[in-house]
Asker: 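Please find one structure pasted underneath; my questions will follow.
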Amino acid sequence: MTRICWWLVDLVSRMLEPGERDAVRGDFTESGESGVQALRDVLGLVVRRQAASWKDWRPWVAFVGLIIPLGMLLSIVSWITAGHSATYFWMYANNWDWALLTDRAFWYAFAYCVTVISHSFLLLVCWSWTAGFVLGSTSRRFVQVYGLLFCLMLVFGALLGAPRYFAYFFQYVPHRPQTPDAVGPVDALAFYRQILPFIAQAVLVAVPSLWGMRQGANLGRFPPMLRIVLWTAAISTLGVLVIQEPGFGFFLRPFWRPWMWHAWQVSLLQMLVYWPVVYWTASAVWRRRHGRTASI
Amino acid sequence: MLGEFEYLILTAAARLGEDAYGAAMRQEIEGAIRRRCSIGALYTTLDRLEAKGFVKTWMGDPTPQRGGRPKRMVRVTGKGAEAAAEFYNAVTRVSRGVAWSKRIEVRP
């Protein structure tokens, strides 16, 4: 019990500023506090600190301007992505036949399916990571609060029906695009209907967003020029998330003209969405050269 | 005007002098009020006092009895001492002629 309490104290105290965390842990050691008392104390301090931080205007602006729209949007996009991939998963997992392995056509279709699913997953991870990066870069101090609120927003979007609401709303959008139709045998299984969307949301949205927030919180360490480049890439990516399908782009459909999709500016923007891949690669190379402590 | 807990913190810091830091002040306050003083209340109040310019805090050196962790040292500023004196005088003035005991009767 005591070990669990101290482990929790360690965990909770990570929400404090490093200097304060050390001072508080030192006070506990010096006064020989029990694990339960220490946990109660540190929880009290964290709650007071977090409550005090909401007196500032910045978390409110981030909450209304970024967390709510991005959380809802990514919730919808992950639902649609999970819906698309569910059909492919069902096709292979629930209808498996070893004889297919000898069929060349199977391998062709399988390669196509893997490409489509990987691409849509990577796109979602890049969007989620970028959303987290932007949130984290707005304030290092509030990054834990943002992480918590963002996850709550995702759960809210999934549970209280952001996807259902939008699916309903699409009926009234003129020239509405194809939404993923309910596929009878796939949706009949609770796993594909309920659990897969939650897994997609946790793995492809929540984890990358939190990771992005951590990295975005360190943006202040970068040279100003690099900061401007990263911010430009991030804002452009979120712009694409907003205007492109699946996303709020559903509502922009009536205003789009076919030539717009072929404009070089749009193609460039669509390529730019994958900038996190370049960032991760550059970070890994940098860490390898300069050691873990010099991580970017 | 200071709050009572703010006054307790300023008094504990003044009494401890050079040795005023989180754990020692907490012990001092608990000894005086005979109740538990939470770290959350102590550190958030210290921040408030620092923001008002009544105390100055800084990180001290790490010590072995604290597991190699530093102390948050506290020093009362001149402005803090003035505020504490004002609070003390106000409490003394308002208490003049009143002898509190368990049997005292409060009349309207």
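Protein chains get the first letters and strands the later ones, always in sequence-line order, with residue 1 at the start of each.
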Asker: A:Phe133 vs A:Tyr279, test: ring-ring contact (aromatic ring centres under 6.0 Å, His included). Steps then yes/no.
Answerer: CA-CA 11 Å; A:Phe133 187 85; A:Tyr279 181 90; 5.7 Å; yes
Asker: Can you tell me if CE on A:Met225 sees more than 12 non-hydrogen neighbours from other groups inside 6.0 Å?
Answerer: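 At most 12 heavy atoms, drawn from other residues, nucleotides or ligands, come within 6.0 Å of this atom.
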Asker: Does any backbone or side-chain atom of B:Ala41 lie under 4.5 Å from a heavy atom of chain A? Answer side chain, backbone, both or neither.
Answerer: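 Answer is both: backbone and side chain atoms of B:Ala41 are under 4.5 Å from chain A.
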Asker: Measure A:Glu33 against the heavy atoms of chain B and call it side chain, backbone, both or neither at under 4.5 Å.
Answerer: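 Just the side chain, heavy atoms under 4.5 Å.
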Asker: How far does OG of B:Ser38 sit from CZ of A:Arg48, to the nearest 0.5 angstrom?
Answerer: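 Going from OG on B:Ser38 over to CZ on A:Arg48, the span is 4.5 Å.
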Asker: Pick out which of A:Trp127, A:Trp231, A:Trp280, A:Trp129 makes a ring-ring contact (aromatic ring centres under 6.0 Å, His included) with A:Trp275.
Answerer: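 Checked A:Trp127, A:Trp231, A:Trp280, A:Trp129 against A:Trp275; only one passes ring-ring contact (aromatic ring centres under 6.0 Å, His included): A:Trp129.
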Asker: Report the C-alpha separation of A:Val134 and A:Leu238 in whole Å, then their side-chain angles, then the decisive distance to 0.1 Å, and conclude whether the side-chain contact (heavy atoms from CB on, under 4.5 Å) test is met.
Answerer: CA-CA 9 Å; A:Val134 169; A:Leu238 294 184; 3.8 Å; yes
Asker: Mind ranking B:Arg72, B:Arg36, B:Gln27 by heavy-atom pairs under 4.5 Å with chain A and telling me who comes out on top?
Answerer: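 So the answer, after comparing B:Arg72, B:Arg36, B:Gln27, is B:Arg36.
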Asker: Name the member of A:Glu30, A:Arg40, A:Gln37 that forms the most heavy-atom pairs with chain B at distances under 4.5 Å.
Answerer: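 Counting heavy-atom pairs under 4.5 Å, the top option is A:Glu30.
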Asker: Report the option among A:Asp22, A:Asp27, A:Thr29 that has the most heavy-atom pairs separated by less than 4.5 Å from atoms of chain B.
Answerer: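 If we count pairs closer than 4.5 Å to chain B, A:Asp27 comes out on top.
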